[in-house]
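Some notes on the structure that comes next.
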Amino acid sequence: RWQKIFTIPLWSKLAVFWNKMFLTTIILLIVLFLDAVREVRKYSAVHVTEKAVNINTNAFDHIQMKLFRSQRNLYLSGFSLFLWLVLRRTVTLLTELAKAMASHAALETQVINATEAAKKYMAENEKLQE
């Protein structure tokens, strides 16, 4: 049933569009991940926090807040990229499995048909020999 649904020509047109959107989203996630890494490195520097304490006590809290936000962004974008890898691999494996199952079913029907034809020819051959 699913094979009939996914062979509709509309899906092939939509697949091209969604592949582009998917790749655009991945590029955006990579950019966000790299930006989060840069921000974490910027606010994790020890000398920045030491200077902030000497200047103003509220500045230390502000830097810690920015560090927390950058770490949060790093974890979110990193986990999203990891899930993308897992999802992509799962879809690839499911596609290969579906193709293998379809070819297996086709080969099985061919084997059954060939076996039936061989039995029929053997029976005809025996009748001719008698």
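Small disclaimer: the values here were computed from a predicted structure and weren't measured.
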Check residues 27-37 and write down every donor-acceptor pair under 3.5 Å in which the side-chain atom is one partner and the other belongs to a residue at least two apart or another chain.
unit_1, atom_1, unit_2, atom_2, d
D35, OD1, R38, NH2, 2.7

Hey, can you pull the donor-acceptor pairs under 3.5 Å for the side chains in residues 84-96, sequence neighbours left out?
unit_1, atom_1, unit_2, atom_2, d
T90, OG1, V86, O, 2.8
T92, OG1, R88, O, 2.8
T95, OG1, V91, O, 2.8

Acceptor/donor pairs from residues 119-130 side chains to any protein atom, 3.5 angstrom cut, sequence neighbours excluded:
none

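When the side-chain hydrogen bond (donor to acceptor under 3.5 Å, both in side chains) test is applied to R72, no partner is found at least two apart in sequence or on another chain. D61 meets the side-chain hydrogen bond (donor to acceptor under 3.5 Å, both in side chains) test with no other residue; sequence neighbours excluded. The side chain to side chain contact (heavy atoms under 4.5 Å, CB included) check on F79 picks up F82, L83, with sequence neighbours excluded. A search for side chain to side chain contact (heavy atoms under 4.5 Å, CB included) contacts involving E116 returns I112, N113, not counting sequence neighbours.
Hydrophobic cluster membership for L97: M101 (Ile, Leu, Val, Met, Phe, Trp, Tyr linked by side-chain heavy atoms under 4.5 Å, directly or transitively). Other residues sharing a hydrophobic cluster with L23 under the 4.5 Å side-chain heavy-atom criterion for ILVMFWY residues do not exist; the residue is a singleton.
The minimum heavy-atom distance between L74 and V40, with the atom names listed, is CD2-CG2, 4.1 Å.
Atom CZ of F68 has 12 or fewer heavy atoms from other residues, nucleotides or ligands within 6.0 Å.
With values rounded to the nearest 0.5 angstrom, E39 atom CD is found 11.5 Å from R69 atom CZ. Taking CE from M65 and OH from Y43, the interatomic distance works out to 8.5 Å, rounded to the nearest 0.5 Å.
Side chain of T109 to backbone of A106: a donor-acceptor contact under 3.5 angstrom is found.
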